[in-house]
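Here's the structure we're looking at; comments come further down.
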Amino acid sequence: MAKRVPAPLLRRALVAWYTANRRDLPWRRTSDPYAVWVSEVMLQQTRVDTVIPYYERFLERWPTVEALADADDDDVRAAWSGLGYYRRANSMLAAAAQIVRDHGGALPHDVDALVKLPGFGRYTAGAVASIAYGKRAPAVDGNVQRTLARIFGIDGDVTSGPGSKAVWNQAAILANCDEPGDLNQALIELGALVCTPRNPACEQCPVRTDCVAYAEGRQTSIPPPRVRAKKKEVELTMVLIVRHGDHLLLERQPDDGLFGGLWCLPMLEGHLDPAGAADEALRRHGFELDGVEEAAELEAILTHRRLRIRIVRAHGGPARASGAMKWIALEALEDYGIPTVTVRALRAALTPDERARATLKDRRNAGARPG
DNA sequence: AAATCGGGGTA
DNA sequence: TACCCAGATTT
């Protein structure tokens, strides 16, 4: 067994390492609680390198809670476009309004008040409280979970139940110190740079002599890999209609659920042939299609689904777009929140001329084969 | 406790 | 291909 060192020594080693090795990230150049909040939400289940450009654009455009509370929802969703987990953007809008209304425009200092805000869970509340306000609150993300499980030799599942409780308890002990923000970020940074999931760089670790997993050679079995449900295969058909050569019919998704609040091509269940698409569009959306032809196919992989998508191009649609439907100019697409899969569908199915005019923001992945 | 919600990097 | 990423929310 590794010898259990007193918490103060462990803290000192962690913070010293962090001070010497911390990356220079945009949100570490400020102590503005609002900026910390934005970064923490964007970083939920999202890699640092992905977040950086989104974070910088977001803070430049909405530099304060008040600015965000006054923002147009579609503008914020457009700024979030491509980042994924769009509920985060909707929650931030709701939380900003709540902070202005109930807290005078300043984020609350206490974890108990923070967790009441939309989009704040235990982690985000603890991160903001400790980093922005110096509160002695733990903040356990995936990095901390893994790192503490290894240091303390916490066996079994640590994502829930007793394993999770044990991790949070140790995190709370460590964060009960004079520099909880640095301590929490030290654990996070150690997990991101050294105590990585597959091949941890134990020789670089400042606390390896205090680590149960290292002492017992169990770095790769603690924590155990998570078993994930198999992806559900879903077939769907997207309908592309361009009117007057430059206006596209899009449909806003309900706020809850997949792509909540974002604008997508009208979607139909199943891989429909031209006749089937015409029938289903009338049944589901109440408008008629003619001249339906297959335009492209593509595949999109989400966390729990594999989407097999057929894109058909047609004429028709509603005489007047109403409700969730809207005709949007190709040149105005950048003003709307559009999920990556819809952007990919448009890239694949628009004509080269239309594609040149469409203001589609860059995504990393754009692989699709013409149908 | 389990399912759902994006998208992409990495081995 | 499989896993994971500075998680939150609903069922």
Side-chain angles (χ1 to χ4, degrees), chain A residues 22-23 25-28 36-55 77 80-92 94-95 114-128 130-131 138-147 157 159-164 171 181 184-193 195-199 220 223-232 234 253-262 264 299-307 337-344 361-367:
Chain A
R22 55 181 280 178
R23 289 169 291 178
L25 301 173
W27 44 90
R28 289 186 178 155
V36 173
W37 172 35
V38 173
S39 72
E40 290 301 341
V41 174
M42 286 189 171
L43 285 162
Q44 289 167 8
Q45 296 294 288
T46 311
R47 293 169 191 282
V48 166
D49 290 342
T50 304
V51 166
I52 289 174
Y54 282 88
Y55 170 85
R77 293 187 190 108
W80 210 274
S81 200
L83 202 52
Y85 286 143
Y86 299 99
R87 177 168 54 195
R88 294 182 292 177
N90 297 324
S91 296
M92 284 198 78
L114 287 167
V115 292
K116 291 191 171 73
L117 295 168
F120 279 79
R122 204 173 170 192
Y123 166 77
T124 303
V128 170
S130 64
I131 296 171
V140 176
D141 71 336
N143 293 305
V144 178
Q145 203 173 80
R146 179 177 60 254
T147 301
D157 177 29
T159 65
S160 63
S164 172
N184 286 335
Q185 292 187 83
L187 287 170
I188 292 168
E189 194 77 337
L190 189 65
L193 299 182
C195 196
T196 53
R198 320 236 181 142
N199 293 88
T220 55
R226 214 193 310 196
V227 285
R228 230 165 270 267
K230 197 181 155 197
K231 294 185 194 302
K232 188 183 300 182
V234 179
Q253 300 302 117
D255 281 336
D256 53 350
L258 195 60
F259 308 132
L262 271 72
C264 302
E299 186 175 82
I301 298 176
L302 310 181
T303 303
H304 290 78
R305 306 180 200 203
R306 177 188 301 271
L307 305 179
I338 298 173
T340 296
V341 62
T342 300
V343 171
R344 291 178 57 206
K361 284 192 284 188
D362 276 339
R363 258 82 167 174
R364 322 204 163 208
N365 183 4

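Chain A is the first sequence line, chain B the second, and so forth, proteins listed ahead of strands; every chain is numbered from 1.
- In this model, a side-chain donor or acceptor of A/Thr303 finds a partner on the base of B/dG6 within 3.5 Å.
- Distance CG/A/Leu262 to OG1/A/Thr342: 8.0 Å, rounded to 0.5 Å.
- With hydrogens and angles ignored, a donor-acceptor pair under 3.5 angstrom links the side chain of A/Thr46 to the base of B/dG6.
- The side chain of A/Tyr86 lies closest to B/dG7, out of B/dC5, B/dG7, C/dC4.
- Across the protein-nucleic acid pair, A/Lys230 atom NZ and B/dA2 atom C1' stand 19 Å apart, rounded to whole Å.
- Where A/Arg47 and A/Arg87 meet DNA chain B, the nucleotide closest to each residue was compared, and A/Arg87 sits on the side nearer the 5' end.
- Note: CZ (A/Arg228) to C1' (B/dG7) measures 13 Å, nearest angstrom.
- Between A/Ala125 and A/Pro197, the residue anchored nearer the 5' end of DNA chain C, judged by the nucleotide with its closest heavy atom, is A/Pro197.
- With the nearest nucleotide of DNA chain C identified for both A/Gly142 and A/Arg306, A/Arg306 has the one nearer the 5' end.
- Here the P atom of nucleotide B/dA1 and the CG atom of A/Asp157 are 9 Å apart, to the nearest Å.
- Atom pair A/His304:NE2 and B/dA3:P shows a separation of 8 Å (rounding to whole Å applied).
- Here A/Trp80 contributes atom CH2 and A/Met42 contributes atom CE; the two are 4.5 Å apart, rounded to the nearest 0.5 Å.
- Residue A/Trp80 is classed as having no contact, given no heavy-atom separation below 4.0 Å to the nucleic acid.
- Ranked by how close their nearest DNA chain B nucleotide is to the 5' end, A/Pro162 and A/Gly257 are led by A/Pro162.
- Of all heavy-atom pairs spanning A/Arg146 and A/Thr196, the tightest one is NE-C, 3.6 Å.
- If you check distances only, the side chain of A/Arg198 does reach the base of C/dC3 with a donor-acceptor pair under 3.5 Å.
- When the P atom is compared between B/dG8 and C/dA8, the two are found 22 Å apart, to the nearest whole Å.
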Margin query: Applying side-chain hydrogen bond (donor to acceptor under 3.5 Å, both in side chains) to A/Tyr123 and A/Gln44, what does each step give before you reach the verdict?
Written below: CA-CA 10 Å; A/Tyr123 166 77; A/Gln44 289 167 8; over 6 Å; no
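- Here the side chain of A/Ser39 pairs a donor or acceptor atom with the backbone of A/Val36 at under 3.5 angstrom.
- If you check every strand for non-hydrogen atoms under 4.0 Å, A/Arg122 touches sugar and phosphate atoms only.
- Looking at the side chain of A/Phe259, the nearest of the listed nucleotides B/dT4, C/dA8, B/dG7 is B/dG7.
- When rounded to the nearest whole Å, the span between CG of A/Leu302 and P of B/dC5 equals 8 Å.
- Contact annotation for A/Arg28: base contact, defined as any heavy-atom pair under 4.0 Å involving a base atom.
- Distance from the side chain of A/Tyr85 is smallest for C/dG7 among the nucleotides B/dG7, C/dG7, C/dC4.
- Between A/Ala127 and A/Ala139, the closest heavy-atom pair is N-CB, 3.6 Å.
- In this structure, of B/dT4, C/dG7, B/dA1, it is B/dA1 that holds the atom nearest to the side chain of A/Ser160.
- Between the CZ atom of A/Arg23 and the C1' atom of C/dC5 there is a distance of 12 Å, given to the nearest Å.
- Between A/Gln45 and C/dG7 there is a side-chain N or O to OP1 or OP2 distance below 4.0 Å.
- Distance NZ/A/Lys231 to CZ/A/Arg306: 7.5 Å, rounded to 0.5 Å.
- Computed from coordinates, the A/Gln44 CD to C/dC4 C1' distance equals 16 Å when rounded to whole Å.
- Listed nucleotides B/dT4, B/dC5, B/dG7 differ in distance to A/Arg305; the shortest reach to its side chain belongs to B/dC5.
- Here A/Ser39 lies out of heavy-atom contact (under 4.0 Å) with every strand.
- The listed nucleotides are B/dG7, C/dG7, B/dC5; the one nearest the side chain of A/Thr124 is C/dG7.
- Taking atom CG on A/Leu43 and atom P on B/dG6, their separation rounds to 18 Å, with Å as the unit.
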